[in-house]
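In what follows, chains are A, B, ... by sequence order, proteins preceding strands, each numbered from 1.
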Amino acid sequence: MHDRLLPWYAAHRRDLPWRAPERSPWGVLVSEVMLQQTPVARVLPVWERWMSRWPTPSALAAAPTGDAVREWGRLGYPRRALRLHAAATAVRDAHDGQVPADEAVLRTLPGVGDYTAAAVSAFAFGRRATVVDTNVRRVQARSVSGLALPAPALTRAETALAARLLPEDDEQTATWSVAVMELGALVCTARAPRCSACPLADVCAWRAAGSPAPTGPPRRGQRWTGTDRQCRGTLLQVLRDSAGPVPAHRLQAAWPVPGVPDEQGQAARQRERCLDALVAEGLVEPLPGARFRLPGT
DNA sequence: AATCCGTGGCT
DNA sequence: TAGCCAAGGAT
């Protein structure tokens, strides 16, 4: 596989700023956190502004958390902004301001799980690490295991397979991992894979089996309308888009939104519950006089 | 282990 | 059009 995929990657790789030679480990960490469950196209402009404003972990750590939440914009999952700020603070206070290279140390940072720790160690420092994301899982499931899609949750076997597929040469492992991910992102996609453009097509176990349809239970979709997630997003958007403190009545006016049913005032209770949770999580700061704002802004 | 946590483009 | 899903993490 290596002699097929590595040349393909060299020819087709996207020139993303966090892959540029001059990017810092901090830039790589920021990109990996932003890319969690979020498409590249939406991350690009936010990453550029973020790195321009906060070129180092210490720079971010010196800013109010609310500034990070606002700069996060509409990337989604705004707790990631909070965790990235916390990670920057930990880097400043416990690691002399330098993003650590060791996977196990990275793993201790807020918002950094198994995937992100391996990715930063590999992509920012060139270390040997087993990087397993949804792209890697899908490419392996198809090309090696002959399955249309990977299992719902990451298995030990998948991690073991990813480790076994890494090139022996330590110098090549990071490039290999990003190449597998790039293939999953551009060719071996979840919905409509472009097998005719795939460098692995003639060795792919899934194709050899006749490209069978997915087996197992269909993924249950995430509801959205009327959920706490929609409510939280709506409340936070009001605060993001406001320069100063927001009176409670403006939040009350924002929820429920048109299209969301409000039986017996349940939407009002939901709004208060979500607002309380946002405050408890540190995404919103309550002020005297029934006003609210992004923390420290 | 299952669920929660945003957002918006794509088919 | 309404799901589907995108470089996961925390609990």
Side-chain angles (χ1 to χ4, degrees), chain A residues 9 13-14 16-19 27-47 69 72-84 86-87 106-124 129-139 148-156 158-159 162 174 177-186 188-194 214 217-240 257 259 270 273-274 277-278 280-283:
Chain A
Y9 177 68
R13 67 187 292 264
R14 292 168 291 180
L16 303 173
W18 46 86
R19 290 177 181 167
V28 174
L29 174 58
V30 170
S31 77
E32 291 301 341
V33 174
M34 288 184 174
L35 286 163
Q36 292 166 2
Q37 299 287 286
T38 308
V40 166
R42 209 177 309 163
V43 166
L44 276 169
V46 181
W47 185 89
V69 173
W72 196 258
R74 303 184 66 80
L75 280 185
Y77 295 146
R79 292 191 292 199
R80 290 183 293 165
L82 235 38
R83 294 192 183 122
L84 190 50
L106 282 161
R107 187 66 178 75
T108 68
L109 299 176
V112 176
D114 288 339
Y115 161 76
T116 303
V120 172
S121 187
F123 303 152
T130 305
V131 183
V132 186
D133 78 327
T134 187
N135 289 304
V136 172
R137 297 185 63 213
R138 189 173 54 252
V139 170
L149 293 173
L154 177 65
T155 65
R156 308 287 283 271
E158 289 178 276
T159 303
S177 293
V178 75
V180 178
M181 290 170 63
E182 193 77 333
L183 186 73
L186 299 180
C188 194
T189 55
R191 212 81 69 84
R194 302 170 49 227
R219 239 186 267 188
R220 51 182 287 268
Q222 304 172 340
R223 277 184 293 274
W224 175 249
T225 302
T227 61
D228 283 4
R229 300 165 81 171
Q230 186 189 20
C231 182
R232 291 163 56 102
T234 301
L235 296 175
L236 218 43
Q237 183 176 357
V238 172
L239 297 171
R240 268 200 314 263
V257 298
Q270 180 185 32
R273 175 164 47 82
C274 287
L278 289 169
E281 291 171 31
L283 281 163

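Judged by distance alone, with hydrogens and angles left aside, the side-chain atoms of A/R194 form a donor-acceptor pair with the main-chain N or O of A/L186 at under 3.5 Å. For A/R107 (side chain) and A/A117 (main-chain N/O), no donor-acceptor pair under 3.5 Å exists by modelled atom type. Side chain of A/T227 to main chain of A/W224: a donor-acceptor pair is present (N/O by atom type, distance under 3.5 Å, no hydrogens or angles). No donor-acceptor distance shorter than 3.5 angstrom exists from the side chain of A/Q230 to the backbone of A/V257, with no hydrogens or angles considered.
Both A/W18 and A/V112 lie close to DNA chain C; mapped to their nearest nucleotides by heavy-atom distance, the more 5′-ward contact belongs to A/W18.
Qualifying side-chain hydrogen bond (donor to acceptor under 3.5 Å, both in side chains) partners for A/Q237, counting only residues two or more places apart in sequence or in other chains: A/R74. For A/T134, the side-chain hydrogen bond (donor to acceptor under 3.5 Å, both in side chains) test picks out no residue, with sequence neighbours left out. Qualifying side-chain hydrogen bond (donor to acceptor under 3.5 Å, both in side chains) partners for A/E182, counting only residues two or more places apart in sequence or in other chains: A/R14, A/R19.
Look at CZ on A/R273: it is 11 Å from P on B/dC4, rounded to the nearest Å. The CG atom of A/L35 sits 16 Å away from the C1' atom of B/dG8 (whole-angstrom rounding). B/dC5 atom C1' lies 16 Å from atom CZ of A/R74, rounded to whole Å.
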(Q) What verdict does the side chain to side chain contact (heavy atoms under 4.5 Å, CB included) test give for A/L44 and A/W18, after you've listed the backbone C-alpha separation in whole Å, the side-chain angles of each residue and the deciding distance to 0.1 Å? (A) CA-CA 9 Å; A/L44 276 169; A/W18 46 86; 3.7 Å; yes
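Residue A/A190 is classed as a sugar-phosphate contact, given heavy-atom separations below 4.0 Å to backbone atoms only. Within the nucleic acid shown, A/T134 comes within 4.0 Å of sugar-phosphate atoms alone, with no base atom in reach, counting heavy atoms only. Looking at heavy-atom distances under 4.0 Å, A/R240 makes contact with sugar-phosphate atoms alone, never a base. Among the atoms of the strands shown, base atoms are found under 4.0 Å from some heavy atom of A/L16.
Of the residues in residues 75-84 of chain A, those placing a heavy atom less than 4.0 Å from an atom of DNA chain B are A/L75, A/G76, A/Y77, A/P78, A/R79, in numerical order. Using a 4.0 Å cutoff on non-hydrogen atoms, no part of residues 222-237 of chain A comes near DNA chain C.
On the nucleic acid side, DNA chain C has its first and last nucleotide under 4.0 Å of a heavy atom of chain A at C/dG3 to C/dA10, going 5' to 3'.
In this structure, CG on A/D228 lies 5.0 Å from CD on A/Q270, to the nearest 0.5 angstrom.
Just one residue in the list A/V30, A/V112, A/L109 forms a side-chain contact (heavy atoms from CB on, under 4.5 Å) with A/L84, and that residue is A/V30.
Remark: the separation of the C1' atoms in B/dG6 and C/dC4 is 15 Å, to the nearest Å. B/dC10 and C/dA7 have their P atoms separated by 15 Å, given to the nearest Å.
Residues A/V136 and A/A162 share a closest heavy-atom pair of CG1-CB, 4.4 Å.
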